[in-house]
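To start, the structure under review is shown below, and the notes come after it.
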Amino acid sequence: MTLLMIHSISPLLIVAFGIVLSLLLIAWRRSQKLILAFTLTIFVCAMLASISLMMNLTDAMQVTILMKVDNYGNFAFILILAASLAVGLLSTAWLTHSVEVHDEFFILLQLVVLGAGILVMSDHFASLFLGFELLSIALVGMVGYSRDSQYSVESSFKYLILSATASSFMLLGIAFIYSQSGSLSFATDLLSSNEVSPVISLFHHAGVLLFLIGVAFKLSLAPFHFWTPDVYQGAPTSVTLLLATVSKVAMFVVLMKFWFSQPSLFIQPIVSNGNTLSTFNFMSIFAILSMLVGNTLALKQQNIKRLLAYSSIAHMGYLLIVLMVLSPQSVVLAWQSALFYLSAYVLATVSLFMVLQLTQNNSCNTELNVDDWQGLFWQKRSLAMLVIVAVLSLAGIPLTMGFIGKFYLLNVAFYAQQWWLIAALIIGSGIALVYYLGIIFALFNTSSIDQHNGNYRPLKLKPLVNASVVTLVAFGVALGLYPELLSQIFINF
Amino acid sequence: MTNSLPETVLALLPFYPLISFLLLIGFGKRLSWHMAAILSVGSMALSAISSFVVINQLSVQSPILTVHLWNWFELGLEGSLTAKINISFYLDGLSAVMISVVSGIGLLIHIFAAAYMKEDENFTRFMAYMNLFIVAMLILVLADNLVLLYLGWEGVGLCSFLLIGFWYQEKANVLAARKAFIVTRVGDTAMAIGLFMLFKELGQFNINALTENANMLWTVGDDAPYWIALLLLGGAVGKSAQLPLQTWLPDAMAGPTPVSALIHAATMVTAGVYLIARMNGIFLLAPEVMNYVAWLGATTLLLAGIAALAQNDIKRVLAYSTMSQIGYMMLSLGAGAFSAGVFHLMTHAFFKALLFLTAGAIILALHHQQNLFKMGGLLKRLPFETALFAIGLVCLMALPGSSGFFSKEAIIAQLWSSNTAGPMLWYCAIFGALLTSIYSCRLFFLAFMGEKRFDHELQPSSSKLLKLSLIALAVLSLIGGIFANTIELSLSAVFPSIEPLNLDEPHWLHSVAIAAPFVGILFSWFYFSNYRGSNKENYQDNPSALVLFCRLGLGFDRLYDLLLVKPYCYLARLNKNDLFDQLIMLNAWYVGICHDVLKSSQTGKLRWYAAAIGLATLLLLLTLNIESFSLEAS
Amino acid sequence: MSITLVMSSLFFGGALAWYIEGVKAQSARWIALLTVIIVGFYFVISITTAGLDFSSLQTLVRLSWISSFNIEYALAVDYLSLVLVLLTLFLAVICVLVSWQEIQTKTGFYYFNLLAAIAGIIGVFTAVDMFLFFFFWEVMLLPMTALIAIWGHENRHFAAIKFFIFTQVSSLLMLVAIIAMATIHFQQRGQVSFFYQDWLTLNLPLSTSLYLMLGFFIAFAVKLPSVPVHSWLPDAHTQAPTAGSVLLAGVLLKTGAYGLIRFVLHLFPQASMEFAPIAATLGVVSILYGAKMAFAQQDFKRLVAYSSISHMGFVMLALFSFNAIAYQGAVLTLVAHGLSSAALFALAGMVYSRIHSRDLGHMGGFWQTAPRMGGFALAFAAAAFGLPGLANFVAEFFSLVGAYQRFPLLTILAAFGLVGSAIYGMVLFQSAFQGKEANRGESSKVDDLSKRELLVFSSLLALLILIGFYPNIVLMFFQDTGQTLVLTNTAGGQ
Amino acid sequence: MSAIPLSHILILASILFSIGFVGVISRKNTLFILMSLEVMLNAVGVAFIGAGSAWHQADGQVMFILILTLAAAEVAVGLALLIQMQRRFKSLDIDLLSKLKG
């Protein structure tokens, strides 16, 4: 363990120490403001550390066999931290509603971030497992955090049991892989020189498959998506945001790391090699199913959280396209695409949940439907603009980041000649427009403003909130118009 | 531009009515009757005077006068010269005849119309349309290329549409106007296709150049001229209300009577005749088509004559008679007797305009009663009109001495030994003449003889203008024959002379031809004797099925309705919601169904979710097995 | 000259209108009108003084935009784009004028959307970087959709979504084709490029180029629109506010034709040659089917919408006939149809503002009280069915004469569209303006045109007649382009 | 002592795992579901230890210890939720938790 290594995992260490310090802080003084400020400080510090690391790091850095720090992971961690900052900020608004002091919430938040951080840095099944479980179990706590809510038990139970099932699938897969390869590192493969019996190689394949199923569950890829809407809906809004962003980003990045470190990926072209062929095929199936099923399910959905849950299924399906690379040269493009798309996705999701949280506070209604946003454009323009930019970004319409993200994805798909995926992407986008435009049209709908006026308190935003809304809009549009701001960063990785 | 005086006159000739049209439309009802009448009639008079001036400039030495106004557009294909389509006027013997008819008769009818329509609240609009019609018609006959001709062609169609539907509040008029426009449009489309074909073959639209090129490139009986001539014939048939596109003309009588006189008797309907005469160079290269023209003309003249026998509306009798007379012209063209056809066109314009206008005067006096069975006894009550109408009918029947006699005899005389006609058609023509005199007599007896059968008091118009124009037309109809030589002379430069076949013409040909109308008169004198009597019982209009069939245009309307209109409407109604749209929306529906199905899979039951995960895993493992084992096997 | 300035001033003019409305009500429309007029004048003056030869593409600006993909901000114009931009700006004025009284709610935001859509359309006509082109292609949709969805009629959301999905799905295909082209450029030249003129020099194998051409073709065919992907148009037109319909019919459809000319024909000459019979058949089917469907409609705007489909069929047929005459005909059709359909939709809007119905069954006998309107309606209906003397005739004539050189049989079929157009033109005109005055209850009297409406109509009609009798004012720009197009194609075909 | 073939251990683990999984989807009582989860996790443990011993590595056992920790943590959270559930629904029937759907 050299100093350099310690430097390179400093962001993780900062968060980890932050957790310990927070515990001490709680022991010292229970104050929500304090713990919030502390948590945010930790995140900002970790972020700064990551940024400085990103600027100094020129090449991937192996930290023990467990972790491999590279700039892709770093960037993903920055994304995670940014999303977590948003979660922290949003949750205060919600937590202040109750009398209790909710220090634990922030500890759990930090734990989630730590788990996510370990995931994005991991290069080994053990670290993956650790990060995964840290993330999951902390999240279970957060999903069920608001005990008074009618759905808390249900959604957290669903999340707990299904997630545990999925992780045992994954673990079994890891065990199978390990049994055949003798190593828990991502980069090891079946010893291709040895003669392998069919049964043995079958275990290896099954292992990979089971592992992928575990990941697919977390990414809520179809057909493992069932939990998503229920948990999204039942969880507190800020936790849903966490589920939608942090856990997705972390899992996806680790999936990419695993995927691209598979030596067999490029050894032989996709023809004839059983392993590559089938995993490729499985991933394509997951991707196509997710795009179609996610978008179809979202079609007539009225509950905004459920709608976003379904749409996130589709988005993860789109993202899977980046895994379909045929040559090592395209891996760079794949990483860039994935990170750009994830950034766009995180930005849009954060924006939407922010508006969701703000309007929720306003209408004292935790079950927001699309209709509840009717006429928002004429009431609170900045919020509505934020929704519009975010939704357009999700829909992949130019002027927004989402379009550039989709452009990246199509590029990758074209290089990989994945026509079926392209077709599914186009069809999925077409279906998605129905509900995305439905949201936007609702914002402009004037017909029911008068009826709703009774329920709505006039929206008054604090200047700070207003400023952040405007900043988010500006970010979304600026990065959509001039993606170089972001993509230039990737170039140097 | 350094145009000589006649050229300038020619260039301006069609535009006086245009100016009048613009002023009338622009000021609308703010113009008094006097102003409007002076404007429209005055502009017509200017055109008419200009026509006579320029026609007088034509001589044997310079039989052609052209004036180039501006370049309309150019059609350029690579590898060949660009064809310039100009707005240019071309005056030769044929167009001279036509402009004199159009502007001369047009002037008289305008005068009549100014008096006739005086009481109408939309008088200015009416006169404006009439003026616009004259503009389009003059452009049609003066055009030096087929595209400009087509402009006039469509223009007159539009004006005809507007004027038929002038009293637009009546549903029937509106429908008649629509029918007229659409039916002629079918012909126009054929003509347009003919134009495309012409251009592809010859790269030209200029009429003279076309004729020249055609004679250079093709020989008689080639395919190209056959198709082109056939398609042009389609246009002519539509405009001139010949079979099979004749159905619109009787309905077009819904328009005010001056319109019927001007457009649907004297000028527009003869545009088809003009077109064929104008394109004689092409038609002569396609003798089969000439033959078709002749047969079409013959068939139309017979069928229209038969239909005319059964009508009860005075204007519809005249309409069918017009069809029949144009049939003669077509027959004549088809037989290669171009001059005779054009001459008949002119005389027909005189007497048919006279007939229509007189009928109009009568109808006005009878409070818009057009039913022949509700007339009768007008001989005593309206002697002036009766006399004029009789003059018109005499010409129509082609009794010796009248203008119709000269022109019709000229046609009939050339049929027997024509290349493209023959004795059969001669017999048709003779039988047609017989029919003509029979229905003319029937009309005359019903309207003018016998007892009065109308209720209202007569209200004969006392307008001097009205009478003036009628008398002028009557004089023209009577003495029209004297133009025969002039026209023959001026047209001889336009049409090639065709050597007739050396058939033995029986010596009785001419006498039979002259006798035919008299036979018809005799026959009707006895056959329709009850129409002359005073017994009102005889005038009951209870037609037999056969008569009714004839009255309704020999079933053509019914046939087209059944064959074309109904299926089109049915198809339209059937597919009102757009089949393609429904196919596409089917996808949307399908996605909706998928949504419902998938949504029902989100049961909320945790155990089902877990089972689903297991199920999916199992499936995937199974496929994996199959795949890896099959790989092993291979 | 600066197209960027034109676009940005339109955009900011719109934004100003939006802002101003909050300060002083009813002033937004004046701002919009002034903006459009000033921009129009600026554009005319700057092209006349530019001193460039626009018979070939003149690149006006070329800046690096997204360097990781070598994407540029590149604008270029030639006569084709110039004519279409001029048409757009002219119709922009018309649009503002027809919205004058119609739009009473949220006027500021309305004019913002209107001007933004126009700016986007101008971008489409001038972009030569394909990514930029696609960008504008999509961006113009957003304000257009907003116009339909916010100020449209009863079924506006459905129509707007349908409109958006059709275009979006088809344009994603185009995006794939664009990416493919850029990649091919990378394979052949070692560098990714989205620059149009770079692509012209690529050497594509026929099989590949057929697929790529289809990617572009479908997107443009949807926009044109051509049967069988036309069905967004009737809904969008019917539901859009008047200015929306005017803009849709007047220029938005032209972007499809523009794309066909600039990209499909020029980038894939050989593939287009191969594909020509199918495309021409689609064109003919559109002509006939559109005319037939127009006849079946009871809704004034729907009828006109289907007639647009029919007219755009002529464009398709003409473009894929590959000769100079047909090409000129196609361009002229774009202009002529832009004017005439805009006029008809404006008419529909005026009728709607008087009787609050678009149902032909509720109309009839307007001539009695509104003779001027009737006269103009007749003229525009006549333009729609191609009466000689109006611009559409020359356009159709050129198209058909040209098309006949290559597809005689198809052209003959297409010519029957003339009958079909006469039928629906008559139905449209007669059922609205002739016949008895329909019993419409409280407001049976239809007022004649106001001065503003008169201005709109007379300017449109004057242009139609001018082009009808002197089409050279448009055609003189396209004498050479037509030739070169044909030459490249024959060269490519050999 | 002849070593048990690795594949046998793996098959055993698979069977155990399947039994546990069937327990998860067939039991209505939430407590039993949690216990079935334990069975699944332990099946994985068996597989890891078997594999570790086959490779003569400690990795497998390390993983098993980690899994044990996970199981403990999971059960802790699970039981906490169980108490909540009992308090609110007076029942441990997992099928009661199906308010969120559609």
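In what follows, chains carry the letters A, B, and so on, assigned in the order in which the sequence lines appear, proteins first and then strands, with residues in each chain numbered from 1.
- Contact count against chain A (heavy-atom pairs under 4.5 Å) is highest for D:R88 among D:H56, D:M85, D:M40, D:R88.
- D:L70 touches chain A through backbone and side chain together, each having a heavy atom under 4.5 Å away.
- Among D:V62, D:I49, D:L82, the residue with the largest count of heavy-atom pairs under 4.5 Å with chain A is D:L82.
- Partners of D:K28 by side-chain contact (heavy atoms from CB on, under 4.5 Å), not counting sequence neighbours, listed by chain and number: B:R607, D:D93, D:D95.
- Nearest approach of A:K305 to A:A235, heavy atoms of both residues: NZ-O, 2.8 Å.
- Looking at A:L134, there are no atoms closer than 4.5 Å to chain D (heavy atoms on both sides), in backbone or side chain.
- With a threshold of 4.5 angstrom between heavy atoms, D:T30 approaches chain A through side-chain atoms but not through N, CA, C or O.
- When D:V77, D:V24, D:L41, D:I67 are compared by the number of non-hydrogen pairs under 4.5 Å with chain A, D:I67 comes out ahead.
- With a 4.5 angstrom heavy-atom cutoff, A:Y178 touches chain D via backbone and side-chain atoms both.
- D:L34 touches chain A through its side chain: at least one heavy atom from C-beta onward sits under 4.5 Å away, while N, CA, C and O do not.
- For D:F64 and D:F48, the gap between ring centers reaches or exceeds 6.0 Å.
- For the pair A:K300 and A:Y435, the cation-pi test (distance below 6.0 Å, angle within 45°) is failed.
- Of the residues considered (D:A76, D:G50, D:G60), D:G60 shows the highest number of contacts with chain A, using heavy-atom pairs under 4.5 Å.
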Evaluate A:Y232 against A:Y310 for ring-ring contact (aromatic ring centres under 6.0 Å, His included), listing each step before the verdict. CA-CA 10 Å; A:Y232 268 45; A:Y310 290 129; 9.2 Å; no
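- The heavy-atom pair separating A:K218 from A:S136 by the smallest distance is NZ-OG, 2.9 Å.
- A:K68 and A:S122 are not linked by any side-chain donor-acceptor pair at a separation below 3.5 angstrom, with hydrogens and angles left out of the test.
- Counting heavy atoms from C-beta on, the side chains of A:L172 and A:F211 never come closer than 4.5 Å.
- When each of A:V231, A:L297, A:L171 is scored by its heavy-atom pairs under 4.5 Å with chain D, the top score falls to A:L171.
- Comparing A:F176, A:F226, A:F169 by heavy-atom pairs within less than 4.5 Å of chain D, the highest count is held by A:F169.
- Minimum heavy-atom separation, D:A43 to D:F17: CB-N, 3.4 Å.
- Using a 4.5 Å cut-off between heavy atoms, A:S167 contacts chain D through its side chain alone, with no backbone atom that close.
- Both the backbone and the side chain of D:L10 come within contact range of chain A, judged by heavy atoms closer than 4.5 Å.
- Between A:R306 and A:D230 there is a salt bridge, since a side-chain N of the basic residue sits under 4.0 Å from a carboxylate O of the acidic one.
- D:A54 does not touch chain A: none of its heavy atoms, backbone or side chain, sits under 4.5 Å away.
- With respect to chain D, the highest number of heavy-atom pairs below 4.5 Å among A:L130, A:I161, A:V140 belongs to A:I161.
- Neither the backbone nor the side chain of A:Y159 comes within less than 4.5 Å of any heavy atom of chain D.
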